[in-house]
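A short worksheet on the structure shown next.
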Amino acid sequence: METLITPDPSPRDRGSALLVVMVTMTIVIALVTVGLNHAVHGVKFTDRQADWNLALAAAEAGVDDYLARLNKDDNYWQTADCSNIALQGDPAVTKTKSSCGWNASTPLGWRAVVSKRSASGRAPAGTFHYDVDVSETPIDGTILVRATGRVGEITRTTQVVLRRGGFGEFLYYTVYETTDPGNEAIYSDLATAATQCTRYFWGNPRRSTSYCNDINFITGDRINGPMHSNDAILVQGTPRFNGTTTTSYPTCRGATSPTACYRAGSGANPTFTKGIGYRAEIELPTSIGDMRQYVTRTKVPDDRLGCLYTGPTRIVANADGTMRVWSKWSGRTGGPALQNTAGCGTATALQSAGGASISVPHNKVILVQNVPSGQSTPASGACATGAIGDGLPVAGDYNTALTENDCRNGNLYLEGVVKGRVTMVADNNIVVTGDTTYQGGENGVDALGLIAENSVKIYHPVERQCTASNRYGCTTYGYVNIRRNNDRAVLTNVSLHAAVLTLQHSFGVQAYNYGTMLGSLRIYGSLAQRFRGPVGTTGSGGTGYLKDYNYDSRLRYSPPPYFLDPVRSGWGQKVYGEVAPRY
């Protein structure tokens, strides 16, 4: 048997094998190192990505923190909260309203985010700091919050605009869907009307539908924007509701059919293009209240002071940013001194035949007050023909005999082209005497707020004339449209650009049920009122106007200056965005 003997490798072969082994081991080690390095970097990247996301969440937590404080105390923004570490910092940099002794050397304050992660004993999910700018809050109701979240070395900043829910959310808002019980042309017994009609249709006790004059939406009416009524709306024919429509009518809560959300009158077949649903009641303020502070030198600095006028006041706005003002009883003996006379007209000019020419007080308030008891003129009763200014009132106008037009009332008579942002307020009524529109049109930056303690009305002078008589005198009367002034035609097809708010009464047309049809009433803005104000009647002998109401969505974010908000409305985010890290 042979034995095969394999010779030993040569020295050169033994060196080659060792080299192969070493190279292989080097490659394996390199691959492992690369893998480990990639894994380590991956962990770092994952951690950084997590921190990046958590920093934004921390910034948003800061916004939520401030918003919660604001909704707990509606006036939180007005004073410095020295106990809130998230506000701490140099006021000149943070824009935070502060009387806490903070200065340029004050370190930024950071509050830890309270979360499940931090509550469980692990590291907190970041910290936040926020700066709050309230410089424009008195004017447009907005608060600018810049909240910065920090996690490790990562910071991210969000910028939000906060605002309370306002009447600018709606094109149309009303409390009671019935004629104003203070309407002298409808009710002879105003005390009974106030008792019977200041109730909801669905209330307990319910409104008397036999005594009270409930108002319909009718064929031809168009509501081109969001609408809310605390009451049950009454529909006749085929009106169109082209925005989100809500009601506080209890039968609508949880209803599956829209018919449960309105009252059906004759031939009712309305169109709700975005549906109709239930929403809880929204409360209307009862008084102009705090608006007075914006025309009182002791309340606001001169650079924010508006104009205060007394008694019936006439304003015609011009497209160049000026306006002509007649206010015959402003600056009279026994009355208040004129505020900011240089900007609002002198007593001599205001009382003259030509009125005073002034600039529209941009981002300010014009307030027309009742004649104070200490001022002897004018006497109570209707103003004499032409006494208000610019030809008003006109001779023979039936409306001048109504109590609401007493010459000592703070009534504002307005028309023209408005350039700028201004809110006009009246102790009594605001009467729109002609087209009142924005110089920049419906997509510009102009804004007009109209707030009346009582009513806002479209001017409609009518004359009472005898239509049948015998030798014992006139037995039948009728009312006919008359010209606005001697040189002006009957007012037809009116346009009004404004946010309208009536606190005690309604928006409507003077003597709406007299005369003949006047075309359409186009509103671009918003309308909020306590009672429904009629603007016309239907049928072969129809009178007044058809509604053409259109929503100015800018009012949701940028209302007129110092415009009133609903009572106890909550604060919320209106604009949100991320900006470059602030710190």
Exercise. Quick one: do Arg314 and Glu415 make a salt bridge, cutoff under 4.0 Å?
Worked result: yes
Problem set entry | Partner of Asn411 by side-chain hydrogen bond (donor to acceptor under 3.5 Å, both in side chains), out of Asp406, Asn428, Asp427 | Asn428
Problem set entry | Verdict with supporting geometry, Lys364 and Ile139, side chain to side chain contact (heavy atoms under 4.5 Å, CB included) | CA-CA 8 Å; Lys364 297 177 183 177; Ile139 297 175; over 6 Å; no
Exercise. Looking at residues at least two apart in the chain, or sitting in another chain, which of them share a ring-ring contact (aromatic ring centres under 6.0 Å, His included) with Tyr562?
Worked result: Tyr294
For this session: Could you give me the CA-CA distance, side-chain angles and deciding distance for Tyr172 and Phe217, then say whether ring pair (Phe, Tyr, Trp, His ring centres under 6.0 Å) is met?
Result: CA-CA 12 Å; Tyr172 177 96; Phe217 287 96; 5.6 Å; yes
Exercise. Which residues pass the side-chain contact (heavy atoms from CB on, under 4.5 Å) test with Ser376, sequence neighbours left out?
Worked result: none
Seminar exercise, completed: In short, Trp202 meets Asn230 closest at the heavy-atom pair NE1-O, 3.1 Å
Sequence neighbours left out, cut at 3.5 Å: what donor-acceptor pairs do the side chains of residues 508-521 make with other protein atoms?
unit_1, atom_1, unit_2, atom_2, d
Gln510, OE1, His460, N, 3.1
Thr516, OG1, Asn481, ND2, 2.9

Exercise. Given the side-chain rings of Tyr249 and Tyr278, with only the six-membered ring counted for Trp, is the space between their centroids under 6.0 Å?
Worked result: no
Problem set entry | Non-neighbouring partners of Ser327 that pass side-chain hydrogen bond (donor to acceptor under 3.5 Å, both in side chains), sequence neighbours left out | Thr313, Ser330
Seminar exercise, completed: Contacts of His505 meeting side-chain contact (heavy atoms from CB on, under 4.5 Å) (sequence neighbours excluded), chain-then-number -> Asp180, Asn454, Ser455
Problem set entry | Test side-chain hydrogen bond (donor to acceptor under 3.5 Å, both in side chains) applied to Thr179 - qualifying residues, sequence neighbours left out | Asn213
For this session: Kindly write out the residues that satisfy ring-ring contact (aromatic ring centres under 6.0 Å, His included) with Tyr551, not counting sequence neighbours, or none if the list is empty.
Result: none
For this session: State whether Tyr200 and Arg207 meet the cation-pi test: NZ (Lys) or CZ (Arg) under 6.0 Å from the six-membered ring centroid, and within 45° of the perpendicular axis.
Result: no
For this session: Kindly give the heavy-atom pair with the smallest separation between Thr433 and Leu392, and that separation in Å.
Result: CG2-CD1, 4.1 Å
Exercise. Once the angle between the rings of Phe531 and Tyr176 is folded into 0 to 90°, is it parallel (under 30°), tilted (30 to 60°) or perpendicular (over 60°)?
Worked result: parallel
Problem set entry | Which residues share a side-chain hydrogen bond (donor to acceptor under 3.5 Å, both in side chains) with Asp140, sequence neighbours left out | Thr142
Seminar exercise, completed: Sorted by chain and residue number, the side-chain contact (heavy atoms from CB on, under 4.5 Å) partners of Ala264 (sequence neighbours excluded) come out as Tyr262, Ala268
For this session: Sequence neighbours left out, what passes side-chain contact (heavy atoms from CB on, under 4.5 Å) with Ala387? Give chain and number order.
Result: Trp329, Cys383, Ala384
Exercise. How would you list, by chain and number, every residue that makes a side-chain hydrogen bond (donor to acceptor under 3.5 Å, both in side chains) with Arg222, sequence neighbours excluded?
Worked result: Asp548
For this session: Could you list all the disulfide (SG to SG under 2.5 Å) pairs where at least one residue sits in residues 188-218, not counting sequence neighbours?
Result: Cys197-Cys212
Exercise. What orientation do Tyr479 and Tyr398 show, parallel under 30°, tilted 30 to 60°, or perpendicular over 60°?
Worked result: perpendicular
